[in-house]
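Let me begin by presenting the structure, written as structure tokens, before commenting on it.
A, B, ... follow the sequence lines: proteins, then strands. Residue 1 opens every chain.
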Amino acid sequence: MTNNQRNVQNIESVIHYPFSKIEKNWTGFWLKKKIYEPDFQRAKKPFYNLMMFPYPSGEGLHVGNMYAFTGSDIFGRFMRMKGYDVFEPIGLDGFGIHSENYALKIGVHPTKQSKISEKRFYKQLLTIGNSFAWNYRLETYDPNYYRWTQWIFLQLFKNGLAYRKKSPVNWCVSCKTVLADEQVIAGKCERCGSQVIKKELEQWFFKITEYAEKLLNNINKIDWSEKIKISQRNWVGKSEGALIKFKIQSSKFKVDDIEVFTTRPDTIFGVVYLVLSPQYGLAKNLESKIKNLKEVKKYIGQTKREFNDFNNSLQERTVENKEKTGVELKGIKAINPANGEEISIWMADYVLGNVGTGAIMAVPAHDQRDFEFAKKYKLPIKKVIIPNLSTYEVNRLEGEGVYEGEGILINSGKFNGMPSQKVKLQIIKFIGAKKKTQYRLRDWLISRQRYWGPPIPVIFCENCKKLLENSLSRPNLDNSCAKSFSKGELENPGWIAVPEKNLPVKLPFVKDFKPVGAGKSPLASVKSFYETKCPKCGSKARRETDVSDTFLDSAWYYLGYLGTVANSKFQGLNSKSTPSSFQYSPFSNPLITKWLPVHCYIGGAEHAVLHLFYSRFLAMVFKDLKIFSFEEPFTVFRAHGLIIKEGRKMSKSKGNIVNPDEYIKKFGADILRMHLMFIGPFKEGGDFRDSAISGIVRFLNRVWDLGLSILSSNKNKGGPKSEKILPWLHFSIKKITEDIENLRYNTAIAELMIILNNFNEFPEKVSSADFKIFVKMLAPFAPFITEELWFIFGEKNSVHLSDWPKYNPNLIRKKTFELVVQINGKVRDKRELNIGIKEDEVKKIVLAGEKVKSFIKEKKIIKIIFVPDKLINIVING
RNA sequence: GGGCGAGUGGCGGAAUGGCAGACGCGAUGGACUCAAAAUCCAUUGGCCGCAAGGUCAUGAGAGUUCGACUCUCUCCUCGCCCACCA
């Protein structure tokens, strides 16, 4: 056994302060005194400090959750001490596939399991030392919450932003269930590893693409971690290009056009063939001219089988750089609109049916994929762009390689010699093409054929469908029928909104909640649920049995918390309020204007494009529906890093999950909090290891011991006077303040350690006032021990409500500084000099120094660089 | 294939144009102890040197600069995200 192992085993027995008693006491005290609950009406400086609420897995709170929450809480506590009215809520994202899968695994019904997990999570969350506003929690599976999730669906539906369309879903062959995209890992099922295929199902979508431009443009206006902004930009995936029509000819007869989308119209002269996706719908008159139609059909069938009716995920199709295959459509040719050349037409599997128009123009000289294909089938390769001649890229011209960059046009008729970037629009005009902006972003598919989610609140009525279709087919007749339908109902004939007063559509208890397969939710086998009457015409109708995506639950929870606040005053404060029950809807809440948008949001980067993107989309919709006046829900967002273990992500399957409970039991929350924050920069995460925890134990032991000794010496001798505050302490205040503002908690803790080391040099000289400044700065990191010391020192109000120490710039300013003397950039000497000393004077002093003289000797001084109050560099020859 | 990030002692990391390695872990030596743990003190990047000191060193190579861990370019390695998006 190494010393290290021994240390870790025994260390908890050497903690000097009774942490478990202290932490229990103060938790109770804070709750009782409600010190973390702002006065929402009267608050002068509201600060909404949001952290991503966890989904309550059965395993309990993960150390990764605690890492994120501690980091967010430190900032919240800091802001509270800076005088802000901080609202720091917590809740559970308990609806959805994660929780359902866990329930399936252990064989406990999710309604029951959610209550068990809820209890466990809240119990754990109470121990981690966060300053949660405990009275305003929420759970997404609470009918009072999902009533409003359903309400949101209805608003989008009524306003034409929700529609129904056939779309493929991920389907695990062996589990017979629908999977979410994130459960499909490289085309395989996350749980059983078997093949995932796609099935066509009718699904509900939100028209997020209508907001693509705004979602993109607003990114420039928000203060978010840069990498999240970049991910979101890529997710929108705006590309500007052109739609180009190619005329098709078959032995002098014009047949039909094929339209392609390209971002590189400038390479039009390099187009030497066209490629259609195997999914491309060939027009009949085109088909009839193809001489090898049999072969083509065979190829279509072959790729169809290979790609599971074309429905495999794109990922599956692109796996391992699969060799491209294809077949020429013989007997027909396309005309390059730029130069009138006849070019061949191919069908190949590297062109996707669902991207662009399902057809491309191939420029093998300037596109890697086209190049590979052209090589294989011995097609011509025509260079039309060369890199700017001034660059060294010229050499590459001679080679066979593909040049995908911008450059100067060649072989391009009258455009020769022009720069490719500038020529795009001219070429579009020249060939009579259309400018087109395309987005990668797809509409948000919100249907889930699962159990554990909010039922989508719509009803299908055959009668209304007929009525509507009749009325629409005879527009000249009386249209009063159609007028009574909302936009969503008109656009999705037969689908009728559940009236808002009938919300929530409660999720019924279904004993066998396992996904049934056949692309249906388990609710589809619950007659009492789906059998209903049409709210419009009263005839027999069928309820939608799909539930909505978990991300819809979490896309508005920041409003949900405020909803619970607004309603809490109509309820005894001791009983839990909900977002819905009383006076205010979370969407017509007088607190919205005062408390939103969220001031600081901290969470994981893994939500860069899902949760954060959907939340932004819905906020924009809410703004357009005049629910509130802002369009970005989170003013500031910071992504924290990931805590890993032994270099790998923590996961159940690897068995390397760290449970915070054990550590809290052994060391207390203060020590675990500080240990987590000291691992590395909060924004970067780090490797969780036991070895360094003893450093934090020693640190807090010394804090405790020093506190007690200052107290006893003060009692005995009166102690040092408080006005003698040390200048270096003010430097530390500045440093710690700035570090916390930038979430650099690791260096803030290092500075706290320096203060303590300095105190311990001459403990008898430390006044209790100085010590209390230190306690305050330690408080956000270690809320319990600091509160205990604070009260031991005779304070009557919580340290967490005290004011953050201010530093005095005059005290930090020193009289002298250490001048670094360099010769040719190397440090050769140091001098203690007065601040503000003039260059001439410094030169005189430095050049007179024996050391410097010995270096210079006969050599010539070429020049001298002087940086005031910092450095002098003497440049000599040789 | 694309995007983003990272690469610094035995380890986690600090320094973002001006003294590389703050702070912490670990290790070594010492004090205390019957002994251990804890605690305290000292040392702790490599090489040369008795020492003073010198010298090399921030993934590799170039460049800019009086001066580069820091800025620029090329390459290598690792991580994350996206991925035949035309």
Side-chain N,O ([X]) to OP1/OP2 ([N]) below 4.0 Å:
{"X": "A:Arg698", "N": "B:A38", "answer": "no"}
{"X": "A:Arg233", "N": "B:G3", "answer": "no"}
{"X": "A:Ser691", "N": "B:G24", "answer": "no"}
{"X": "A:Arg828", "N": "B:C19", "answer": "no"}
{"X": "A:Lys830", "N": "B:C19", "answer": "no"}

Can you see whether [X] engages [Y] through a side-chain donor-acceptor pair at a distance of less than 3.5 angstrom?
{"X": "A:Glu751", "Y": "A:Ser732", "result": "yes"}
{"X": "A:Thr325", "Y": "A:Tyr299", "result": "yes"}
{"X": "A:Tyr663", "Y": "A:Asp690", "result": "yes"}
{"X": "A:Arg828", "Y": "A:Asn873", "result": "no"}

Exercise for the section: Check the pair A:Tyr745 / A:Phe678 against ring pair (Phe, Tyr, Trp, His ring centres under 6.0 Å), numbers first and verdict last. Expected result: CA-CA 7 Å; A:Tyr745 300 139; A:Phe678 197 52; over 10 Å; no

Round to a whole Å and report the spacing from [atom1] of [X] to [atom2] of [N].
{"X": "A:Asp266", "N": "B:A86", "atom1": "CG", "atom2": "C1'", "result": "13 Å"}
{"X": "A:Ile876", "N": "B:C66", "atom1": "CD1", "atom2": "C1'", "result": "12 Å"}
{"X": "A:Lys826", "N": "B:A68", "atom1": "NZ", "atom2": "C1'", "result": "14 Å"}
{"X": "A:Ile865", "N": "B:G67", "atom1": "CD1", "atom2": "P", "result": "9 Å"}
{"X": "A:Phe688", "N": "B:C25", "atom1": "CZ", "atom2": "C1'", "result": "14 Å"}
{"X": "A:Met361", "N": "B:C85", "atom1": "CE", "atom2": "C1'", "result": "15 Å"}
{"X": "A:Glu606", "N": "B:G79", "atom1": "CD", "atom2": "C1'", "result": "15 Å"}
{"X": "A:Asp869", "N": "B:C19", "atom1": "CG", "atom2": "C1'", "result": "16 Å"}

Before we go on, tell me: are the rings of [X] and [Y] under 6.0 Å apart, centre to centre?
{"X": "A:Trp444", "Y": "A:Phe551", "result": "no"}
{"X": "A:Phe688", "Y": "A:His675", "result": "yes"}
{"X": "A:Tyr350", "Y": "A:Phe373", "result": "yes"}

Out of [options], which has the shortest distance to the side chain of [X]?
{"X": "A:Ile360", "options": "B:C84, B:A86, B:U39", "value": "B:A86"}
{"X": "A:Arg442", "options": "B:A22, B:G18, B:C85", "value": "B:C85"}
{"X": "A:Ala750", "options": "B:C84, B:C25, B:A22", "value": "B:A22"}
{"X": "A:Asn757", "options": "B:C19, B:A86, B:G24", "value": "B:G24"}
{"X": "A:Ile754", "options": "B:G26, B:C19, B:A22", "value": "B:A22"}
{"X": "A:Arg440", "options": "B:C82, B:C25, B:C56", "value": "B:C82"}
{"X": "A:Arg369", "options": "B:A86, B:C85, B:C19", "value": "B:C85"}
{"X": "A:Phe261", "options": "B:C25, B:C56, B:A86", "value": "B:A86"}
{"X": "A:Val827", "options": "B:C25, B:C23, B:C19", "value": "B:C19"}
{"X": "A:Trp235", "options": "B:C84, B:C82, B:C66", "value": "B:C82"}

Gap in Å between the two [atom1] atoms, one belonging to [N] and one to [M], rounded:
{"N": "B:U16", "M": "B:A68", "atom1": "C1'", "result": "11 Å"}
{"N": "B:U65", "M": "B:G53", "atom1": "C1'", "result": "29 Å"}
{"N": "B:A14", "M": "B:U58", "atom1": "C1'", "result": "12 Å"}
{"N": "B:A6", "M": "B:G59", "atom1": "C1'", "result": "11 Å"}
{"N": "B:G45", "M": "B:A22", "atom1": "C1'", "result": "15 Å"}
{"N": "B:U33", "M": "B:U43", "atom1": "P", "result": "24 Å"}

Problem - Side chain A:Glu818 and base B:C19 donor-acceptor under 3.5 Å - result: yes

Practice task
Measure from NZ or CZ of A:Arg638 to the centre of the six-membered ring of A:Trp224 and say whether it is under 6.0 Å with the direction within 45° of the ring axis.
Solution key: no

Opposite nucleotide pairing with [N], Watson-Crick or G-U, both atom distances under 3.5 Å:
{"N": "B:C4", "answer": "B:G79"}
{"N": "B:A60", "answer": "B:U74"}
{"N": "B:A14", "answer": "none"}
{"N": "B:C40", "answer": "B:G30"}
{"N": "B:A86", "answer": "none"}
{"N": "B:U55", "answer": "B:G46"}

Practice task
Quick one: label A:Ser231 by what it contacts on the DNA or RNA (base, sugar-phosphate, nothing), any heavy atom closer than 4.0 Å.
Solution key: nothing

Exercise for the section: Could you tell me whether A:Asp367 contacts a base, only the sugar-phosphate backbone, or nothing, with contacts defined as non-hydrogen atoms closer than 4.0 Å? Expected result: nothing

Completion exercise
residues 263-276 of chain A vs side chain to side chain donor-acceptor pair (under 3.5 Å), sequence neighbours excluded, gives A:Arg264-A:Asp266

Fill in the blank from the handout: Scoring nucleotides 5-15 of chain B by protein non-hydrogen atoms under 4.0 Å (B base, S sugar-phosphate only, - none) yields -------BSS-

Fill in the blank from the handout: Residue pair A:Arg264/A:Gln822 against RNA chain B: nearer the 5' end by closest nucleotide is A:Gln822

Handout entry: Glycosidic class, syn or anti, of B:G54 using a 90° window around 0
Key = anti

Problem - Beyond-backbone contact of A:Val272 with A:Leu379, side-chain heavy atoms, under 4.5 angstrom - result: no

